[in-house]
Asks: 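Below is one structure. I have some questions about it.
Position 1 is the first residue of the sequence; numbering continues from there.
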Amino acid sequence: MEKLNTRSPQQDCERKQGVSDRQRRGQRRDTATSQDGDIESGEELGSLKPNDSKKHQKQQKKNKDSKETDSFVGRPQSPNKASASGQEQEKMKSKKKNPPKHQEEEKSREAAFKKAQQPRASNANSPADKSKNKGGRGSKKQVFESYMTFEEVSHGLKRGELIQGQLRINPKKYHEAFIPSPDDTRDIFLDGIVARNRALNGDIVVVEILPREQWKVVKSDTDCEGASESENTVQTVQKKTAHTPRPDVNVEDQCSDQDEVISKSTLADTGEPLEDPSTPRPNGEILQKTAKVVYIVEKKHSRAVTGFLKFLPDKPFAMFSPVDHRVPRINVFLANCPEDFSSRPGDYTNTLFICRITNWAADSNFAEGQLAKTLGQAGEIEPETEGILIEYDIDFSEFSDEVLNCLPKDLPWSIPPEEMRKRKDLRKDCIFTIDPATARDLDDALSCKPLPDGNFELGVHIADVTYFVEEGNALDAIASQRATSVYMVQKVIPMLPRLLCEELCSLNPLTDRLTFSVIWKITPEGKILSEWFGRSVIRSCVKLSYDHAQSMIDAPEKMFSADELPPVDPEHPIDEIHQAVLNLHSIAKNLRSQRFSGGALRLDQSKLSFTLDKETMMPQGCYIYQYRDSNKLVEEFMLLANIATAHHIKRKFPELALLRRHPPPKAKLVDELQELCDQLGISIDLSSAGALHKTLNTTLGDDEFTTARKEVLTHMCSRPMQMALYFCSGVLKEEKFFKHYALNVPLYTHFTSPIRRYC
């Protein structure tokens, strides 16, 4: 059954008015719930009260009759025509000499918008043309169609006449948008701002497919690939990307500039029957379905944007130009602008503001909004960072007193004796952490003790956060809403208060800490003989960085001195720690080799890192992050622990295990990639994760261009990949859907990072 969000009558009304009261008050929306605390998207279809849609219809009529502010270019016209191409925008930019960058972009944007207003081939069926006939004498022109009612949408989805999906807007060509096709074929295309019907990037929308004569002609099967997402790549947040420990990518749909939506006459006037859209024509062209938005299920976009204010003479409002061109320009009443803005607009030319969209009427090309905050000067790291966080709805507010009251009061805190008696005491064992040099939230520690029979007792010890976070209290609630820590280049927005993240839960050296341990008896070759799960207490003997561990791996015979390492517990000689690292490295190499020979896949993409000034935190330089043996060592044992835990909890809680699955790549995109590689003469096997890994690592030649060839091909292979997903084992009945494609394992979960991941 298709799923829609439950909403109050006020929220149905809000579909016309833009945002909830909570947002108007400038409060933050919880990241894990819908607006105004409603249930997260996923309620069953019948759960909305029948009278909600009637109130919604009344509110629509009321909004149509209400008087709206004129847009800054006079009477609004329908922007249903295609915007200027990216090339024409570039030409517009190049005519200006040296204005600020955002002003250059604004000029090109205005030019593109004016061009979008000019008529093109008449199209009687387009929503915009229909709208021109609406309204009596003296009324404003209807730019956007009214949304369907909830009942109409419900019936349309059940009958298969409408399609629900997440809207993606091309950041480089903002008049192009897409939603995934339910049958995993080519994405459905939404042409222009009118077709999006006031939905913003990321919103869950319902669309209606347009008549076939309005479908788009794509030059060839590989011209325009749908967006794809891969677990091991990084989502771009415009040009200012946040760095995360386990990154994820979003590659936008990039279509050729020559792609045009074909006019009716080109297809229909031939008198020939129309072919199947997925069948290439003799000239290699393919039809792509087009659609229009008829309903917004969930406003995933925060409706908050960073941008600049522009003064408009003789108007009661200023124009707000978002930095993100996927968001419309916004009219902001002068009363809401800084007091001296009207008299000294030049003082604010380079000032970044946050604006929240409060309304977007059906008869206006432009949204209305209110300034929420003045961030500061464009180009400075703190205002720009704050802008990103607000725009992407990241809660970076201070933790409330109610939340902080859930933490231990008696500091410095120590483990109560009664708790010690319940746990396995591992404080005398040689246990240590290996993390990035700057890490302060130390989730995991490792141990490796030789046994008399030549095998090893190998342990992964994870911070026991659940001891401090009780289910259902205020701390649990805020952590579940934040869901994850957010890692920006120069700062971290923690999921939990710093007292927990960096102190009580963090496995800091020379300190007793509560942990959850997985301990195996394992052979030197990596074969597991037995395993134990349980609560424990550890005392880390040293905090090693990846560099420290790498230097130990690179110099197995070297005797390290105390001044070459961080402070070490005198109970454990440096040589004992060094040998433990070497043993872990040796076992990890065997585990890794077995994993990849067993069919696992890793798409290694270059990761850009920055060197920062320690005082100002401003970037001083950048470099490609080196993924070395010490990183691989830690990764291997985290994977082993997660896989073991997944099997354990599935066995103990068959209906309630929280697992993580990774669906296979989209078949259509895999086929297109295979065809492209065949055309280029590149031999690539995409039949399975293991086959692809082997191709990328063994069959790309050994000339001077091998590395570059592999990097480009790796990026191309990430595009068909899907996102990994959390799920509850009782929800999916067939276990074949539990599988993790990239790791090529039947069960997987996230056990190893509780300080920064709520799940």
Asks: Residues in side-chain hydrogen bond (donor to acceptor under 3.5 Å, both in side chains) with Lys589, at least two apart?
Replies: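 Per chain and number, Lys589 pairs via side-chain hydrogen bond (donor to acceptor under 3.5 Å, both in side chains) with no residue.
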Asks: With His648, which residues qualify under ring pair (Phe, Tyr, Trp, His ring centres under 6.0 Å), at least two apart?
Replies: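 Listed in chain order: Phe533.
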Asks: For Asn590 and Lys527, which I'm curious about, is there any donor-acceptor pair between the side chains at under 3.5 Å?
Replies: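 No, no side-chain donor-acceptor pair sits under 3.5 Å.
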Asks: Please give me the minimum heavy-atom distance between Ser683 and Thr695, naming the atom from each residue.
Replies: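 Nearest pair, atom of Ser683 first, then Thr695: O-CG2, 3.5 Å.
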Asks: Does one side chain, of Gln722 or Tyr741, offer a donor that lies under 3.5 Å from an acceptor on the other?
Replies: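 Their side chains do not contain a donor-acceptor pair, so the 3.5 Å distance test is not met.
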Asks: Is the backbone of Met495 close enough, under 3.5 Å, to the side chain of Ser485 for a donor and an acceptor to pair up by distance?
Replies: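 Side chain of Ser485 to backbone of Met495, a donor-acceptor pair under 3.5 Å: yes, one is there.
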Asks: Can a donor-acceptor pair be found between the side chains of Ser687 and Asp685 at a distance below 3.5 Å?
Replies: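 The criterion, which ignores hydrogens and geometry beyond distance, is satisfied for Asp685 and Ser687.
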Asks: Under 3.5 Å, is there a donor-acceptor pair between the side chain of Thr290 and the main chain of Gln214?
Replies: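 Checked: pair present.
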Asks: Taking side-chain contact (heavy atoms from CB on, under 4.5 Å) as the test, write out the residues that go with Ile643, two or more places apart.
Replies: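 Once residues adjacent in sequence are excluded, the partners of Ile643 under the side-chain contact (heavy atoms from CB on, under 4.5 Å) criterion are His647, Val745, Tyr748.
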Asks: To check you understand the geometry: which heavy-atom pair defines the closest contact between Pro494 and Arg482, and what is its length?
Replies: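 Shortest heavy-atom contact: O-NH1, 2.9 Å.
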Asks: Check this for me: Tyr623, atom OH, are more than 12 non-hydrogen atoms of other residues, nucleotides or ligands nearer than 6.0 Å?
Replies: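 Correct, the count exceeds 12.
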Asks: Side chains of Asp554 and Gln550: do they bring a donor and an acceptor to under 3.5 Å?
Replies: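 A donor-acceptor contact under 3.5 Å links the two side chains.
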Asks: Report the C-alpha distance between Arg440 and Asp435 in whole Å, list the side-chain angles of each, state the deciding distance to 0.1 Å, and finish with yes or no for salt bridge (charged side-chain N to carboxylate O under 4.0 Å, His left out).
Replies: CA-CA 9 Å; Arg440 289 189 289 186; Asp435 286 280; over 6 Å; no
Asks: Do any N or O atoms from the side chain of Gln674 and from the backbone of Ile684 form a donor-acceptor pair under 3.5 angstrom?
Replies: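 The answer is yes, because a donor-acceptor pair under 3.5 Å joins these two groups.
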Asks: Report yes or no: do Thr306 and Glu391 form a side-chain donor-acceptor pair below 3.5 Å?
Replies: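 Checked: Thr306/Glu391 side chains pair up, N/O donor to acceptor below 3.5 Å.
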Asks: Ring pair (Phe, Tyr, Trp, His ring centres under 6.0 Å) with Phe596: which residues, sequence neighbours excluded?
Replies: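 Here the qualifying residues are His693.
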Asks: Determine whether a donor-acceptor pair (N or O, by modelled atom type, separation under 3.5 Å) exists between the side chain of His662 and the backbone of Ala742.
Replies: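 Indeed, once roles are kept as given, a pair shorter than 3.5 Å links the two residues.
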Asks: If you measure from the Lys or Arg side-chain nitrogens to the Asp or Glu carboxylate oxygens, is any gap between Asp393 and Lys300 under 4.0 Å?
Replies: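 Salt bridge: no.
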Asks: Under the 3.5 angstrom rule, does the side chain of Thr714 hit a backbone N or O of Lys710 as a donor-acceptor pair?
Replies: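 Flag set: sc Thr714 to bb Lys710 pair under 3.5 Å.
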Asks: Minimum heavy-atom separation for Ile587 and Cys448, please, with both atom names.
Replies: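 In this case the closest contact between Ile587 and Cys448 is CD1-SG, 4.2 Å.
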Asks: Can a donor-acceptor pair be found between the side chains of Lys739 and Asn744 at a distance below 3.5 Å?
Replies: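 There is such a pair between these side chains.
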Asks: How close do Ile163 and Ile209 get, heavy atom to heavy atom, and via which atoms?
Replies: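 Scanning both residues completely, I find the closest heavy atoms to be CD1-CD1, 3.9 Å.
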Asks: To the nearest 0.5 Å, what is the distance between CG on Leu612 and OG1 on Thr438?
Replies: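 OG1 of Thr438 is found 9.0 Å from CG of Leu612.
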Asks: State which residues pass side-chain hydrogen bond (donor to acceptor under 3.5 Å, both in side chains) with Tyr546; sequence neighbours excluded, sorted by chain then number.
Replies: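 Scan of Tyr546 (side-chain hydrogen bond (donor to acceptor under 3.5 Å, both in side chains), adjacent residues dropped) gives none.
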Asks: Please enumerate all residues that pass side-chain hydrogen bond (donor to acceptor under 3.5 Å, both in side chains) together with Ser753, with sequence neighbours excluded.
Replies: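 Result, side-chain hydrogen bond (donor to acceptor under 3.5 Å, both in side chains) vs Ser753: Arg756, Arg757.
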Asks: Could you pull out the closest heavy-atom pair between Ala437 and Ser545, with the gap in Å?
Replies: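 Ala437 and Ser545 have their closest heavy atoms at CA-CB, 4.0 Å.
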